[in-house]
Amino acid sequence: MPYAVEMSDWALDFIDKHVTRETVFARIEWAIDILGEYPAFGPSYEPGYAAARPPFPCRYLPLSDTPFTLYYIKDDESKKVTIIDIEWSAGDPLKRFAGMPGF
């Protein structure tokens, strides 16, 4: 049974401000489809240094052929994937998730 996939307001805001190319939109749509079928597709996000760790466990999925990485939470009980954030892949990991509301 596939998982429902939703996007947080945080992720939607990032898309609205930074994503302009149709090819990137297509890659995001691909990620939504793949995560609905395979919610554990991306590895756990566990950076080696504490300052870059998110305030909650999550997974990540680099969006190939784009400068972005998608971060998400998989909830097996509710069969839901929540895309919590999309960030620049080369961005500062110490600023990642800064100001994000807890999930």
[X] side, atom [atom1]; [Y] side, atom [atom2] - distance, nearest 0.5 Å:
X: H18; Y: I86; atom1: NE2; atom2: CD1; result: 10.5 Å
X: M7; Y: T82; atom1: CE; atom2: OG1; result: 11.0 Å
X: W30; Y: L63; atom1: CH2; atom2: CG; result: 7.5 Å
X: F14; Y: Y71; atom1: CZ; atom2: OH; result: 10.0 Å
X: Y72; Y: L35; atom1: OH; atom2: CG; result: 5.0 Å
X: R59; Y: I73; atom1: CZ; atom2: CD1; result: 12.0 Å

Let me see the working for D65 and R27 under side chain to side chain contact (heavy atoms under 4.5 Å, CB included), right down to the final yes or no. CA-CA 8 Å; D65 301 322; R27 183 55 67 180; 3.9 Å; yes

Quick one: closest heavy-atom pair of [X] and [Y], and the distance?
X: L61; Y: F41; result: CD1-CD2, 3.5 Å
X: V5; Y: I32; result: CG2-O, 3.6 Å
X: G36; Y: P39; result: O-CD, 4.5 Å

Centres of the Y38 and Y3 rings: under 6.0 Å?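 Here the rings of Y3 and Y38 have centres that are no less than 6.0 Å from each other.
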
Counting N and O atoms only, with roles assigned by atom type, does the side chain of S89 sit under 3.5 Å from a partner on the main chain of F68, one being a donor and the other an acceptor?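 Indeed, once roles are kept as given, a pair shorter than 3.5 Å links the two residues.
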
Mind running side chain to side chain contact (heavy atoms under 4.5 Å, CB included) on C58 and I84 for me, showing each step along the way? CA-CA 9 Å; C58 68; I84 55 172; 4.1 Å; yes

Please report the C-alpha distance between W88 and T69 in whole Å, then the side-chain angles of each, then the deciding distance to 0.1 Å, and finally whether the side chain to side chain contact (heavy atoms under 4.5 Å, CB included) criterion is met. CA-CA 6 Å; W88 298 94; T69 299; over 6 Å; no

Assess whether atom CG of D76 is packed by more than 12 heavy atoms of other residues, nucleotides or ligands within 6.0 Å.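 Counting other residues, nucleotides and ligands, CG of D76 exceeds 12 neighbours.
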
Any salt bridge linking D13 with K17? Criterion: basic side-chain nitrogen under 4.0 Å from a carboxylate oxygen.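 Salt bridge: yes.
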
